[in-house]
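Have a look at the structure below, then the notes.
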Protein chains: 2
Amino acid sequence: MNTRPTGRPVRHRERPPYDRDSLLEVAVVVFNERGYDRTSMEDLARRLGLSKSSIYHHVAGKEELLGLAVGRAMDALFAVLDEDPAADTTATARLRHVVRRSVEVLAAELPYVTLLLRVRGNSGVERRAQEQRREFDRRVAELVERAATEGSVRDDIEPHLVSRLLFGTVNSLVEWYRPEGGLSVAVLSDALTAVLFDGLTGRPARRSGPAADIPDRAAPN
Amino acid sequence: MNTRPTGRPVRHRERPPYDRDSLLEVAVVVFNERGYDRTSMEDLARRLGLSKSSIYHHVAGKEELLGLAVGRAMDALFAVLDEDPAADTTATARLRHVVRRSVEVLAAELPYVTLLLRVRGNSGVERRAQEQRREFDRRVAELVERAATEGSVRDDIEPHLVSRLLFGTVNSLVEWYRPEGGLSVAVLSDALTAVLFDGLTGRPARRSGPAADIPDRAAPN
DNA sequence: TTGTGTACCGACCGAACATTCGGTTAGCGT
DNA sequence: ACGCTAACCGAATGTTCGGTCGGTACACAA
């Protein structure tokens, strides 16, 4: 057996050492599998191939891990709202863009967004996350309102209700979508925007305004 | 002060005694507020106005409470699928009916359904619930497939994907809908079915087939 | 009066929990 | 050779958890 003078197994270069990011990446997956509350630091340590106490070398505690994860998810989501709006496009086009890009971000940052959406407002970290989600909601509702005023989006439903249905559908993707499962993000976001904007009964090619209203059909990746 | 010979406060008839159902009703609300895992039996006892040990007089444990709750939710949901299909209606009409009735059931049994949808498959109770949810999903996907074959529902999207989007939207209601908040179930289910079947850009009155396709517009309650 | 069943309680228990502490190890600059 | 630091560890600490136990209080029936 290959042993050191101390008799303990050689660790040297079996795996690169952890830093905050690589540790968080693993932690978030475990949190999603077992649920944040049900995941013990012991569970986490086992999965990392570390001892419990070593985790505290990288982060202050369990809650900081949660904070880092939901922070990352919120940043990615807000970035979508702030993407350059090309000044002259309609609110409807922007809304469609925000929905599509949100699906893409959700897919790209799936474990982080999943964790964010499951937060229940117990600790301070969680309450801050919920506050940010409400802010996101408000800005989308604003966009819906302007789109309705433009006339290319139905105005018989309250804008706030529309934005809740919209992002209810988008957010529900975390419950089943797995990027490695064969369904591409492009096909997914096409299907989702098609159903939400044109309806289940809509003919595939139908559109409701000038072609410019649908500027960002995704290319297959 | 009104005291008994024992010097302890009078309990008699201050509140009706609990049975399994009334206890469950409170428990489910607390589970949803704090999350099942984060809710201790102590939390529960405090909210019930009981001691921890008294809870065990009514139920075998925490997990039985969860089981009772998700069982009740699943029963209510499956009942919708088994409602008499009037033999001659189209699959599209039945699909629309199932979506609308699911919204109604979700609203009527909100705390129970909420708990069901948050179950993560850790214990046996939770795994059984998830198995039942998959069965529900399968039956809806079947319905979508038949509707697509009928031609009144778009067939450029996989039936299973459609059913996931449909029930993703429906299920997302538990994240924000509160029956006491002024929005009636009728308005909600009208809005939801309108967006999903006719699209955000759809004109309010448009329909895609014969009027019989939309047989169950809800009356205001 | 005595017995029975339902509803309830305080004191307690072992296990699991997040976190802390006092270290060791290995690589690197000097 | 020396000291420094990042990365890591085993063994504890105090706390909280779900659950148990041996009772009491009281309505009601015989």
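None of these values were measured; they are calculated from a predicted model. Lettering follows sequence order; numbering is per chain, from 1.
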### Message
So, OP1 or OP2 of D/dT16: does either fall under 4.0 Å of a side-chain N or O from B/Ser40?
### Response
no
### Query
Could you state the CG-P distance from A/Leu50 to C/dT25, rounded to the nearest angstrom?
17 Å
### Query
Rounded to the nearest Å, what distance is computed from the CG atom of residue A/Asp43 to the C1' atom of nucleotide C/dA18?
12 Å
### Task
State which of D/dC8, D/dG18, C/dC8 makes the closest approach to the side chain of B/Tyr56.
D/dG18
#### Entry: Nearest to side-chain heavy atoms of A/Ser51, which nucleotide of C/dC9, D/dC8, D/dC9
D/dC9
### Message
Expressed as a whole number of angstroms, how long is the span from A/Leu44:CG to C/dA18:P?
### Response
9 Å
### Message
So if I take every side-chain heavy atom of A/Met41 and compare against C/dA18, C/dG10, D/dG19, which nucleotide ends up nearest?
### Response
C/dA18
### Query
Once you round it to whole Å, what is the distance between P of D/dG18 and CG of B/Leu65?
11 Å
### Query
Quick one: does B/Ser53 reach the base of D/dG19 with a side-chain donor-acceptor pair under 3.5 Å?
no
### Message
In this structure, how many angstroms lie between the P atom of D/dC9 and the CZ atom of A/Arg46, rounded?
### Response
14 Å
### Query
Would you say B/Ser54 reaches C/dA7's phosphate, i.e. side-chain N/O to OP1/OP2 under 4.0 Å?
no
## Note on the structure
Here the distance between atom C1' of C/dG5 and atom CG of B/Asp19, to the nearest Å, is 16 Å
### Query
At their closest point, which heavy atom of A/Ala76 faces which heavy atom of A/Val105, and how far apart are they?
CB-CG1, 3.6 Å
### N/O (side chain, B/His58) to phosphate O (OP1/OP2, C/dT6) under 4.0 Å
no
### Query
Is a side-chain N or O of B/Asn171 found less than 3.5 angstrom from the main chain of B/Phe167, in a donor-acceptor match?
yes
### Task
Nearest whole angstrom, please: distance from the P of C/dA16 to the CD of B/Glu42.
21 Å
### ring-ring contact (aromatic ring centres under 6.0 Å, His included): pairs with one or both residues in residues 64-85 of chain A, sequence neighbours excluded
A/Phe78-A/Phe136
### Task
Verify the contact: side-chain N or O of A/His57 to OP1 or OP2 of D/dC9, cut-off strictly under 4.0 Å; return yes or no.
no
### Query
Minimum heavy-atom separation for B/Arg127 to B/Asn122, with atom names?
NH1-O, 2.5 Å
#### Entry: Donor-acceptor pair, side chain of A/Ser102 and main chain of A/Val98, under 3.5 angstrom
yes
### Message
Can you confirm whether B/Glu25 is buried at CD, in the sense that more than 12 heavy atoms of other residues, nucleotides or ligands lie under 6.0 Å from that atom?
### Response
no
### ring-ring contact (aromatic ring centres under 6.0 Å, His included) contacts touching residues 23-64 of chain B (sequence neighbours left out)
B/Phe31-B/Tyr36
### Atom-pair distance (NZ on A/Lys52; P on C/dG23), nearest Å
20 Å
### Query
Does anything in residues 21-38 of chain A reach DNA chain D, meaning a heavy atom under 4.0 Å, and if so which residues?
none
### Message
Can you tell me if B/Arg20 touches the phosphate of C/dA7, counting only side-chain N or O atoms and a distance under 4.0 Å to OP1 or OP2?
### Response
no
